[in-house]
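For the numbers below, each heavy atom of this structure counts, side chains included, while hydrogens, waters and symmetry mates do not.
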There are 2 protein chains.
Amino acid sequence: MVQLVHPSKDDITLAGVLSALADPMRLRIVKSLLGNDSCMSCTEATPFPGMAKSTLSHHFRILRDSGLIQTSKRGVEHRNVVRVDDINARFPKLLETVLGFAD
Amino acid sequence: MVQLVHPSKDDITLAGVLSALADPMRLRIVKSLLGNDSCMSCTEATPFPGMAKSTLSHHFRILRDSGLIQTSKRGVEHRNVVRVDDINARFPKLLETVLGFAD
DNA sequence: TCAATAGTTCATTATTACTGAACAATGGAA
DNA sequence: TTCCATTGTTCAGTAATAATGAACTATTGA
């Protein structure tokens with residue numbers, strides 16, 4: 001199971017996390033990842049089925065680069081989990097506070 | 001004392017607040033506003049003196065439009081305050097949580 | 001009236017986001 | 001093995017957003 005490249009815990013920045021979460025689409029992705037066993041493929045986590053897959057890929061890359069999610073390749077699909085422990089260690093309470101306000 | 005235009009409390013959005021705070025410059029502006037009697041002119045609140053004033057004006061506009069600050073014109077200068085009560089009413093704990101992580 | 005000060009607005013350039021099209025990689029069926 | 005469907009990435013072009021210098025408005029004070 002190949003791991004995609006992610007920033008190490010200490011390289012996660014507040015600005016990165018906030019701007020990743022500032023997009024309603026990405027906020028919904030993170031929320032559904034957390035609500036669903038914390039592990040979904042990119043397609044499963046799509047908030048709106050009509051979205052271009054390049055756009056979806058783009059959003060997942062921003063979530064990965066910000067350190068919010070971790071992606072591993074299993075078979076043909078990518079499995080995504082929210083890096084809850086890393087984010088909580090770096091910015092305690094931030095994730096639960098912000099996600100509490102998501103529609 | 002003339003009030004500039006601001007969104008009403010209920011029009012403040014999570015995405016707007018998060019993307020306003022996602023910029024390190026604006027985060028510092030908000031932080032210094034809160035630390036300094038909550039009332040400063042734009043120039044006083046500049047994090048980096050070398051910044052172009054049009055850029056500064058741009059950041060203050062984003063902070064205003066997001067509902068984070070309120071600006072009133074007194075004499076030749078603009079006085080800025082963080083709308084602590086409005087933000088806390090709309091998104092409890094968000095402001096203190098995020099600002100707690102600002103450098 | 002003139003100059004100084006504080007910000008805004010405008011126009012230009014630079015960066016970032018969105019999307020269709022082509023591509024790579026895996027797994028399953030024939 | 002070969003072919004094909006599925007999943008997601010990368011690329012290139014366009015659209016939207018950000019940063020800045022220059023010109024402008026408004027207020028104060030000499």
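- Near DNA chain D, meaning a heavy atom under 4.0 Å from it, residues 12-21 of chain B has no residue at all.
- Listed by first and then second residue, the ring-ring contact (aromatic ring centres under 6.0 Å, His included) pairs involving residues 9-31 of chain A amount to none (not counting sequence neighbours).
- Screening residues 83-103 of chain B for ring-ring contact (aromatic ring centres under 6.0 Å, His included) gives A:Phe91-B:Phe101, A:Phe101-B:Phe91 as the qualifying pairs, with residues at least two apart or on separate chains.
- Straight-line distance from the CD atom of A:Glu77 to the C1' atom of C:dG28: 15 Å, rounded to whole Å.
- Of all the residues in residues 56-64 of chain B, B:Ser57, B:Arg61, B:Arg64 reach under 4.0 Å from DNA chain C with at least one non-hydrogen atom.
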Donor-acceptor pairs under 3.5 Å, side chain of residues 53-62 of chain A to any protein atom, not counting sequence neighbours: which ones?
residue : atom : partner : partner atom : Å
A:His59 : ND1  : A:Arg26 : NH1          : 3.0

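- Not counting sequence neighbours, the partners of A:Ala89 by the side-chain contact (heavy atoms from CB on, under 4.5 Å) test are A:Lys9.
- Atom CE of B:Met25 is separated from atom P of C:dT15 by 15 Å (rounded to the nearest Å).
- Within the structure, the salt bridge (Lys or Arg N to Asp or Glu O under 4.0 Å) test picks out the following pairs touching residues 83-92 of chain A (sequence neighbours left out): A:Arg83-A:Asp86.
- Residues satisfying the side chain to side chain donor-acceptor pair (under 3.5 Å) test with A:Asp10, not counting sequence neighbours, are none.
- The distance from atom OG of A:Ser66 to atom CG of A:Leu18, rounded to the nearest 0.5 Å, is 10.0 Å.
- The stretch residues 11-20 of chain A participates, sequence neighbours left out, in these side-chain hydrogen bond (donor to acceptor under 3.5 Å, both in side chains) pairs: A:Ser8-A:Asp11.
- Taking the side-chain contact (heavy atoms from CB on, under 4.5 Å) definition, one finds that A:Glu77 meets it with A:Ser41, A:Arg79, sequence neighbours left out.
- Heavy-atom nearest nucleotides on DNA chain C were determined for B:Thr71 and for A:Lys53, and the one closer to the 5' end corresponds to B:Thr71.
- Taking the 5' to 3' direction, DNA chain D first and last meets chain B under 4.0 angstrom from a heavy atom at D:dA18 to D:dT28.
- Taking atom CZ of residue B:Arg74 and atom P of nucleotide C:dG7, one finds them 13 Å apart after rounding to whole Å.
- Rounded to a whole Å, the CZ atom of A:Arg79 is 15 Å from the C1' atom of C:dT26.
- With a 4.5 Å cut-off on side-chain heavy atoms, A:Ile12 and A:Leu68 do not count as touching.
- Every residue meeting the side-chain contact (heavy atoms from CB on, under 4.5 Å) condition with B:Thr71, not counting sequence neighbours, appears here in chain and number order: B:Leu4, B:His6, B:Arg64, B:Ile69, B:His78, B:Asn80.
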